[in-house]
Protein chains: 2
Amino acid sequence: MEDVAREAGVSRALVSLVFRGQPHVSERRRTAVLEAADRLGYRLNAAASSLASRQSRIIGLVVNDLSNPYLVAGTEALQERAESVGRRLILGLAKRDAEHEQAAIETLLQHRPDALILAGTVLPKAVLTRFGRQVPTLVMGRIVRDASVDCIAIDDARGAELVVEHLAGLGHSRILHVDGGGGAGAAPRRTGYRKTMTRLGLAEHIDVMAGDFTEQAGANAARQLLDRDVLPTAVFAADDLVALGVLDVFRGAGVAVPEDVSVVGFDDSTIARLQAISLTSVSQPVLHMSSLAIDAVLARLEDPTAGYRAVVVPPQLVIRGSSGTPRPATA
Amino acid sequence: MEDVAREAGVSRALVSLVFRGQPHVSERRRTAVLEAADRLGYRLNAAASSLASRQSRIIGLVVNDLSNPYLVAGTEALQERAESVGRRLILGLAKRDAEHEQAAIETLLQHRPDALILAGTVLPKAVLTRFGRQVPTLVMGRIVRDASVDCIAIDDARGAELVVEHLAGLGHSRILHVDGGGGAGAAPRRTGYRKTMTRLGLAEHIDVMAGDFTEQAGANAARQLLDRDVLPTAVFAADDLVALGVLDVFRGAGVAVPEDVSVVGFDDSTIARLQAISLTSVSQPVLHMSSLAIDAVLARLEDPTAGYRAVVVPPQLVIRGSSGTPRPATA
DNA sequence: CTGAAAGCGCTTACAG
DNA sequence: CTGAAAGCGCTTACAG
C-alpha cells in the first residue's frame, strides 16, 4: 500500500480510502491510485482489513447436506447475492448431525464472520441461542422462537396442508406421510399433515412413518409398505429425496405411479422437475428466500439491536405426473 | 490471548504454541491453556494469524457451474478433505464464463489463500499461467500443459474411447457425439470420439453436434436430430446434463431409449444413477480425485519449487439401461 | 518454558 | 486532502 501511494503520488491514507470505495475522493486521484495498484499488481489484504476494521466482510454459511439439490440451489443463490453486496461466503458443511455442525461453526467463527447463515440446521434451540449471542445469526428453513437469531423459512405446515388438500381433492383418503425426523421443517410438515387430515375428516387414515431427509429413508419406508397387506393410495414424502427413494422402490416392485399410488414430495428441487421423475412437490422459492436472507443479514448488521425477525414465505404446490386420482377398484 | 495466558498462568507465547498444536508443550500446561480458553470463550483470530504467519490456512475453490451435480459432489469431497488437514475452503462461483471466473478469482485472492483450486475452469492458458505464478494453483478436470499450474483430471480421451467401444460392441455404427464446447475436458472427449470411430472403421459415421455442459444444449441437439430424416442409433453426450436434455426431448417425442436410440453420458453423476434415468455413463472417481487434489496442494505448499505435476486418473464405464443393441430393422 | 520486542498490512482518528 | 501515530490480534525470533 505504501508502494502504491508512492507510485500514485498520494498518501497512504488516500489509498485506503479509494480501496474502501469512500466517496470524498477526487476522480483524478482515484484513477491514479487504481492505475498504480494495477501496475504494481497490488491487491488489498483481506486479513489485514479485517483485523484493523473489525469487519471481515465474510459471511459464514453452514449447509447441512449438500447432497440435497435444494440446498445446493440455495447455496448458489446466497453466494450470488452475497457477492453483489461485497461479501464473500466461507463454507461449512455438515450432514444433519448436530456434533459435526457445531464443530463446523466453531472453526468458521475463527474467521470472525460478520454474520452466520445456518441452512437446514439441526442444532437444538439452546445451542443456536448461544451462537446467536456471539454473532448475528440467521437460520434458514426453520423458525426458531428465540430473540437471538433471525429466521426465514417457508410455511411448512401450510405446504403440508396444500399437499393433503390436493390429494384429498383427487379422491384419496388413505394418505400416508413419510416424515423427515429431526430435520429442519420436518416437524411442522408432520403437524400440518395431521391437522389437515383431521380437518378433512380423514383422521382415521392418519399414518406417519419415521424417516429423515434422505433417499435411503424413502426407500426403507417403501419397502416396509410393500410388506403390508394393502398399500395406501397416496404417499406424502417429507422432501423430494424421500419421494425419490419411494419412487425407485415402487418402480422396482412394479407399483405404478400414479395409477397404483400417488407420490408427492417437498422442495420442488431440480430432481422433481426432471421429466423422467415428474414429481408433484411443494415449491420453496429458493432465489427469493436467499435474497431475503442476505437482506436480513445486512439489516441486522446495520441495526444489531433491532428486534427478532422471522420471515415466513408462502409455499406453492407444483402439480406434476406423480399424483393422480386413485383407482376406483381399490377403494 | 493475553487474558487466556493470565487465566492459565502461562505466557502469551505458550498460548500461541498450544493453539498452533506445537509438540514441545507439556500436557499439564496444554490442558490448562485449553481449559482457560474454554472458560473465557476464547477463539483464535484467523485474520490475525494469517497476517502474522503469512499463512491463511485457507484454500480458494472456484467452481464453475454448481448446477452440475458432478461438481457439487467434488466440492463436498474437497471440503471434507481440506477440513481433515486443517484448511478451510472459501468459495468462488462462476458459470463457465471466463470473465466472471476471473473476477471471482481476483476477489478470492484478497484473502491470500495458501492455494487455489479451479474446478472446471474455462480460462485460457495464459490467464491460468498468470495466476499460477502468484499462488499455488491446481486445475481440476483439465490438463493444462504449463509449468506454473498443477493438474488433475481423468483421461477424457480414454473415457470417450470406452463409450465408442461399448456402443460399437453392441452393434452401433451411426454414433453421434454432442460435444461440450469450450468446457473443461470437452476437447479431449471430442478427439477421443473421433479417433476411436476412425480406428474402428466408422470414420464415415463421425458426426459431432456443438453443445456445452448444460441440459439445454442436449435438448437443442435432440430437437435438431428429430428434424433429420434418420436418427443415429446412438448418442454420446459430452456429459450427463447434456444426456439428460437429450433423454427428455426423446421421451417427449416418443423416441424409445435404448430401443430406438442408445444414449450415453459422462461423469456418472447422481442423476445418471437415478433408477428413473439409468444412464450409461463414464465414471469419474470424485472422491479419489478430490483426495488427490488436496494431497497435491499440500505437496506443492511443502515444496513450491517442485516440478510440474499432472495426475491423470483412469475412467471407468458404468453400463446402465440407456444403452442397448440397435434395432436390426433400422440398419 | 518465559518475557519483551518487532512486525504482519491494514484502518482509524486527528492535527494541519 | 496529507502525514504521523496508534492499534487490531496474532507469530516469530531471541535472550534468558
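Below, chain A is the first sequence line, B the second, and so on; all start at residue 1.
There is a side-chain donor-acceptor pair under 3.5 Å between R88(A) and T107(B). In this model, no donor atom of one side chain and acceptor atom of the other lie less than 3.5 Å apart for R57(A) and Q110(B). Judged purely by distance below 3.5 Å, without hydrogens or angles, the side chains of T121(A) and E101(A) pair a donor atom with an acceptor atom.
Atom pair H111(A):NE2 and dC10(D):C1' shows a separation of 14 Å (rounding to whole Å applied). Spacing between atom CZ of R112(A) and atom P of dG9(D) amounts to 9 Å, rounded to whole angstrom units. A straight line from CZ of R6(B) to P of dT2(C) spans 15 Å, rounded to a whole angstrom. Residue L51(B) contributes atom CG, which lies 11 Å from atom P of dT11(C) at whole-angstrom precision. Counting to the nearest Å, the P atom of dC1(C) and the CD atom of E27(B) are 10 Å from each other. With rounding to whole Å, R57(B) atom CZ is found 21 Å from dG9(D) atom P. Between the CZ atom of F19(B) and the P atom of dC10(D) there is a distance of 9 Å, given to the nearest Å. What separates CG of L17(B) from P of dT12(D) is a distance of 10 Å, to the nearest Å.
In this model, the phosphate group of dT11(D) is approached by a side-chain N or O of R20(B) to a distance below 4.0 Å at OP1 or OP2. For the pair R29(B) and dT2(C), the criterion of a side-chain N or O lying under 4.0 Å from OP1 or OP2 is met. Close to dC1(C), at under 4.0 Å from its OP1 or OP2, lies a side-chain N or O of S26(B). One finds no side-chain N or O of S11(A) lying less than 4.0 angstrom from the OP1 or OP2 phosphate oxygen of dG3(D). A sub-4.0 Å separation between OP1 or OP2 of dT2(D) and a side-chain N or O of R12(A) is absent. For the pair R54(B) and dG9(C), the criterion of a side-chain N or O lying under 4.0 Å from OP1 or OP2 is met. Listed pair S16(A) / dT11(C) meets the phosphate criterion, a side-chain N or O lying under 4.0 Å from OP1 or OP2.
Within the 6.0 Å centre-distance limit, the rings of F19(A) and Y42(A) are counted as a close aromatic pair.
Along DNA chain C, the nucleotide nearest to L14(B) and the one nearest to N45(A) differ in position, and the one closer to the 5' end is contacted by L14(B). For the pair V25(B) and S53(B), both in contact range of DNA chain C, the more 5′-proximal nearest nucleotide belongs to V25(B).
Closest approach to the L44(B) side chain among dC1(D), dC10(D), dG9(C) is made by dC10(D) (side chain taken as heavy atoms from C-beta onward). Side-chain proximity of A13(A) to dG3(D), dA4(C), dC10(C): nearest is dG3(D).
Counting non-hydrogen atoms of neighbouring residues, nucleotides and ligands closer than 6.0 angstrom, the CZ atom of R309(B) exceeds 12 such neighbours.
Taking a cutoff of 4.0 Å between a charged side-chain nitrogen and a carboxylate oxygen, R142(B) and D156(B) do not qualify as a salt bridge.
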**Q.** Residues H111(A), H111(B); criterion side-chain contact (heavy atoms from CB on, under 4.5 Å); working and verdict
**A.** CA-CA 11 Å; H111(A) 293 274; H111(B) 293 274; over 6 Å; no
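Residue contacts shown for R43(A) are limited to sugar-phosphate atoms, with no base heavy atom under 4.0 Å away.
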Q. Reading DNA chain D 5' to 3', how would its secondary structure be written in dot-bracket notation, given Watson-Crick and G-U pairs with both distances under 3.5 Å, brackets [ ] for crossing pairs and | for partners on other strands?
A. |||.||||||||.|||
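Between the side chain of T129(B) and the backbone N or O of K125(B), at least one donor-acceptor pair lies under 3.5 Å.
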